[in-house]
Amino acid sequence: MGKLLKWIVGAACSLVGLLVVFLVGGYITLNTSWAQRKLLDRALDLLTEKLDTKVAIDSVSIDLFTLDAKLYGLAIDDRQKRPMLQLDYLQADVDLWALMENEIRITEAKVEGIQAELHKVSKDSLSPDTIANFQFVIDAFKSKKTKQPAAKKTAEKQKKKLNFMMNKFSAERIALQYNEDSVSLDKLVVSQTRSGFAIGKIEGVRGRWERINKKGELVTNNVLVSQIELKAADGEQQLNLHRLNFRTNNHRPRKNATKPKRGFFDVGHFNIWADMKVAIDRIEKGTVHGWLREFTAQDTITGLDITKLQCEVTANKDGMRLEDVVLKQKNTELHFVRADMKFPNKKTGKKLSYFTSTIGGTVYLQDISRMFAPVLRNFKIPLNLSVRMEGDAEGMRFRNAVVTRPNGLVNIQAQGYIKGLKNKYDLHVHFDVSKAIIKGNEKELLINQFVVKKFMMKQLNALGTLNYTGSFDVLWKKEQFRGLVSTAAGNIHFDFALDELNKYVFGHATAQRIDLGKVMDMPDLGPVSASADFKFDISKPRTAIMRRKLGGKLPIGEVTAHVDEAKYGIIKAKNVYCKIVSNGAIAEGMIKAPGSFATLSCTFSFTNTNEMKKTKIKPGIRFNLFGKGKTEQEKELQRQQKEAEKQRKEADKAQKRAAKEARAKEKAERKAAEKAAKEKEEAARDAEKAARKAAKAEEKAKRKAAKAAEKAARKAAKEAEKAARKAAKEAEAAK
C-alpha cells in the first residue's frame, strides 16, 4: 500500500512537472518573434475578413513577461480602397501586478506618426462618402446588446467592472484630415498626478478649415498654437496657450480697400496673435468655474491691441457670468463688476441676451481708430466713461451713459440704442442727450482731435460755454442731428443731416435772439432773430475741382435766411430776406427788406470767415414815391417770406411736439426697460437664493442620511456584537 501511494505521488509530481515544463515552454515559444509573426498573420486575416478591407501591420513585438507591446507600421484602407489610417509606431507598457487588483493600468503609452483621412459629405451630394468612410469600423466592433433582466445585468456589470488608468501618454507627428478640414500636432505628452490631476504639454498645433458664410463667401480659417501647457497647482487646473495665431481669409479685398475713411476691422481678414492663461478650480453638475488670468491679443493690420483682459468666469450650458472684468488697450482701461450672458436654445426658444453692471474707466478713442474710424487717429485726449449695457443678437441698449473730461470742462449725459446689427441697411443708432456742457476752449480742443478741416473756429469760441440737449441718429449713409444749443450769445434750435450717399449736409436752424455781431466780430451788427435753411457740398472730388479752378478756403454751398428782426448800425430792420451763395473762393450775399414806403437792400461779399471785418457791403434803398405801390416781384417776395415764416413756425411747433413725444416715449421705454432689468435681476437673485437654499437643503439631507446610516451601522454592529457574545455564551454552556 505504501509503495502504491509513493508511486501515485511520484506520478502526480511527474505529471505536474511535465505540465509546468509544457506551460513554460509554450510561454517561451509565444514570446518568440516566429510565434508572434504566426499569430499576427492570423490576426490580420481575421481583421481583413471582419472589416472587409485591406489591413496591414509590419510587425508586432509582445513581451509576455512584462506585458509590454510594440506595433510597427499599421495601415487600414477604407471601403473605396483609399488609405484611411496609417500608424508608424505604437507602444504600451502594462502594469502586470495591477491586474491582481482588478485594474488595467498602462504605465506608459506612446504613439508616433499617425495619419488619418476621414471623409463624409452631405446627404445631398452624389459622392460615395454620404456615409462616413470610417463608419464600417465602428459597425464592425459595435457590441450587440441583448435584453437581460435588470438583476442579472447589474450583477454582470459589477462582476466585469475593471478600472482603467493610464499614467502617461505621448504622441508625435499626428495629422488628421476630415473632408477639407485638417489638424496636426508635433508633440503631445499627458500624464496623471497622484492627486488625480492631468498635466501635460502640446507643441506645434496647426488647423485649417473652410466654410461658406451667410454672404456666400468662401472663408478659409487657419489656427496655429506654438505650445499648450496643462498644469496642476494649488487645487487648480491651469491651461496656458503660447503664441496662438488665428487667421481668416475670404479671398476678397478688404472692406476698406477703396474706402480710406473706413476702418481696417474686417472679419474676413483676421490675423490675430494671442497668449492666454486660464485656471479652473471646479467642474460640478455641468457648471465650470475658473478665471481668465491673462489674455493679450494683437492684430497689426486691423489695429486690435488688447494688452490685458482678465475676469472670473462661471459657465454652464444655459449661460455665462463674468465678474471683476478688467480690459486694457494701449491707453484705454475699462472695468466692471459683473456681466451675464444667456445662451440661445432652439428647443426652449430662448435667444441670446446679455447685460452688464456699470462699465467705467478711461477711454482714448485713438486706440480704436485704426479698427473702426481713422478720423479718430489723432484723438489723444482722455475721456472718462460710465455706462451700462444690455442687448441681444439684434442690437444693444446703452443706459446712464456719462462722458466727462478729467479737467471737468466737458460733461455729457445720454442714453440710446443700436438695432439692426445683422444688416447694414437696417442699422440704426439713436442717442438722446439729456445734457452736454462744453466749457472754455474745450470745443476747439475736441474738434482738433479729428482729422478734418476746421471752419469758423473763432466764431465757435465766441459763443462761450455750450449747453446742448437733443438727439441724433445714425442710419445707413445718413446722420441726423437735432436739438437746442444754449450759448452766451443766445440760443439756437437746429435740425440738420449729413447725406453720405450724395455728399451734402443740409438742415434748418432758428435763433430767437442771438448776438451775431459779437460772434462774427462785426460790432455794427446787433442782435438778430432769424431762421435759416442751408446746404453745403462735402464731396471731396467736387470741391477739389472748384478749388483748382477758383482757389479759396470757404465751404461750398448756400444759405437762405429769414430775419425777423435785426439791427445794423443805426438801421433797424424786420422781416428781412437774406441769401448767401459761396463757390469756395468768395461768398456773395443779398439782403432785402421790403416796406410800404421803401425797400432796403444791400449786397455783400467776403473771402475769409476769420476776417469778417473786411466784408464788402453795398447798401441800397428804393422809395415808393407818390403812393406808388410795391412791384409784383416785391409782392411775391413778401408773400414768399410770409409763407416761409408760417412754415418755419409750423415746423418749429412740429419739432417741439415730436421732441416732446420722443422724450415721453423714451422715458416710458426707459422706465419699462429699467423695471424689466430690475425684475430680471430680482429673478436672478431669487433663483440664486433658491439654488443656494436647495443646495443647503440637499447638503443637510445628505448629512442627515449619513448620520442615520452611521447610527444604523453602529446599532447593527452593536447587535451583531451582542449576538456574537450570546452565541459564544451558548456555545460555552453547551460544552
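None of these values were measured; they are calculated from a predicted model.
- Two residues are said to be in side-chain contact when any heavy atoms from C-beta on lie closer than 4.5 Å; Val111 and Leu87 meet this criterion.
- Of all heavy-atom pairs between Pro83 and Glu117, the closest is O-CB, 3.9 Å.
- Side-chain rings of His269 and Phe264 stay apart, their centers remaining 6.0 Å or farther from each other.
- Separating the OH atom in Tyr468 from the CZ atom in Phe494 is a distance of 4.5 Å, to the nearest 0.5 Å.
- Side chains of Arg247 and Asn249: a donor-acceptor N/O pair is absent below 3.5 angstrom, by distance only.
- Glu210 contributes no side-chain N or O that, together with a main-chain N or O of Ile212, makes up a donor-acceptor pair within less than 3.5 Å.
- In terms of heavy atoms, Thr362 sits closest to Pro382 at CG2-CB, 3.8 Å.
- Contact record, Ser170 with Val189: CB-CG2, 4.1 Å, taken as the closest heavy-atom pair.
- No donor-acceptor pair under 3.5 Å is formed between the side chain of Thr358 and the backbone N or O of Val387.
- The shortest side-chain heavy-atom distance between Lys81 and Lys54 does not fall under the 4.5 Å cut-off.
- Put simply, the side chain of Thr356 never gets that close to the backbone of Ala339: no donor and acceptor are under 3.5 Å apart.
- Between Leu188 and Phe169, the closest side-chain pair of non-hydrogen atoms falls below 4.5 Å.
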- After noting the C-alpha distance and the side-chain angles of Glu442 and Arg405, does the key distance pass the salt bridge (charged side-chain N to carboxylate O under 4.0 Å, His left out) rule? CA-CA 9 Å; Glu442 288 293 298; Arg405 286 272 289 125; 3.0 Å; yes
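- With hydrogens and angles disregarded, no donor-acceptor distance shorter than 3.5 Å links the side chain of Thr314 to the backbone of His289.
- Side chain of Gln449 to backbone of Lys380: a donor-acceptor contact under 3.5 angstrom is found.
- For the pair Gln366 (side chain) and Arg377 (backbone), a donor-acceptor distance under 3.5 Å is present.
- By the 4.5 Å heavy-atom criterion applied to side chains, Asn250 and Val267 are not counted as neighbours.
- Here Asp78 pairs with Arg82 in a salt bridge; the nearest charged N to carboxylate O distance falls below 4.0 Å.
- Legend: side chain to side chain donor-acceptor pair (under 3.5 Å) pairs involving residues 336-351, not counting sequence neighbours, sorted by first then second residue: Arg321-Asp340, Arg338-Asp340.
- Ionic pairing of Glu394 and Lys419 is not present here: no N-O contact between side-chain nitrogen and carboxylate oxygen is shorter than 4.0 angstrom.
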- Query: Please walk me through it: do Met546 and Thr543 pass side chain to side chain contact (heavy atoms under 4.5 Å, CB included)?
  - Reply: CA-CA 5 Å; Met546 294 299 291; Thr543 53; 5.6 Å; no
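- Under a 4.0 Å N-O distance rule, the pair Glu217/Arg252 qualifies as a salt bridge.
- One finds the OG1 atom of Thr296 at 4.5 Å from the CG atom of Asp275 (value rounded to the nearest 0.5 Å).
- Using a 4.5 Å heavy-atom cutoff, the side chains of Ile199 and Leu230 are not in contact.
- The CG atom of Leu475 lies 8.0 Å from the CG atom of Leu427; values are rounded to the nearest 0.5 Å.
- In this structure the side chain of Phe398 reaches within 4.5 angstrom of the side chain of Ile418, judged on heavy atoms.
- A salt bridge between Arg482 and Asp473 is present, with a side-chain N of the basic residue lying under 4.0 Å from a carboxylate O of the acidic one.
- Note: Phe270 and Phe246 have tilted aromatic rings, judged against thresholds of 30 and 60 degrees for the angle between ring planes.
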- Query: Can you check side chain to side chain contact (heavy atoms under 4.5 Å, CB included) on Leu309 and Val325, steps first, answer last?
  - Reply: CA-CA 7 Å; Leu309 175 61; Val325 181; 4.2 Å; yes
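- Salt-bridge check for Asp305 with Arg370: failed, with every basic side-chain N at 4.0 Å or more from each acidic carboxylate O.
- Around CD of Gln227, the count of heavy atoms belonging to other residues, nucleotides or ligands within 6.0 Å exceeds 12.
- A donor-acceptor pair is defined here as one N or O able to donate and one able to accept, closer than 3.5 Å; no such pair exists between the side chain of Ser386 and the backbone of Val402.
- Thr53 places a side-chain N or O within donor-acceptor distance of the main-chain N or O of Asp77, the cut-off being under 3.5 Å.
- Ring geometry for His428 versus Tyr417: interplanar angle over 60°, hence perpendicular rather than tilted (30 to 60°).
- Residues Leu85 and Ala116 approach most closely at CD1-CB, 4.1 Å, considering heavy atoms.
- Listed for the Asn502 side chain is no donor-acceptor partner under 3.5 Å among the backbone atoms of Tyr504.
- The line from NZ of Lys277 to CD of Glu294 is 4.5 Å long, rounded to the nearest 0.5 Å.
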- Message: Between Glu112 and Arg173, does the side chain to side chain contact (heavy atoms under 4.5 Å, CB included) criterion hold? Intermediate values first, please.
- Response: CA-CA 6 Å; Glu112 293 181 7; Arg173 306 190 315 278; 4.0 Å; yes
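- Remark: side-chain polar atoms of Asp367 are not paired, donor with acceptor, to backbone N or O of Gln329 under 3.5 angstrom.
- In summary, Arg211 and Asp181 engage in a salt bridge, as defined by a charged side-chain N under 4.0 Å from a carboxylate O.
- A 4.5 Å side-chain heavy-atom check between Val223 and Trp209 finds at least one atom pair inside the cut-off.
- Across all their heavy atoms, Ala297 and Ile272 have their closest contact at CB-CG2, 4.0 Å.
- The side-chain heavy atoms of Val313 and Leu322, taken from C-beta on, include a pair separated by under 4.5 Å.
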- Message: Please determine whether side chain to side chain contact (heavy atoms under 4.5 Å, CB included) holds for the pair Tyr354 and Met396, giving the CA-CA distance in whole Å, both sets of side-chain angles, and the decisive distance to 0.1 Å.
- Response: CA-CA 9 Å; Tyr354 57 88; Met396 59 183 67; 3.4 Å; yes
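- For the atom pair CD of Gln480 and NE2 of His430, the computed distance is 10.5 Å after rounding to the nearest 0.5 Å.
- For the atom pair Asp299 CG and Leu304 CG, the distance stands at 6.0 Å (nearest 0.5 Å).
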- Item | Stepwise side chain to side chain donor-acceptor pair (under 3.5 Å) test for His119 and Gln177 | CA-CA 8 Å; His119 301 281; Gln177 182 159 340; over 6 Å; no
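- Summarising the geometry of Asp432 relative to Ser471, their closest heavy-atom pair is OD1-CB, 3.2 Å, with the distance given to 0.1 Å.
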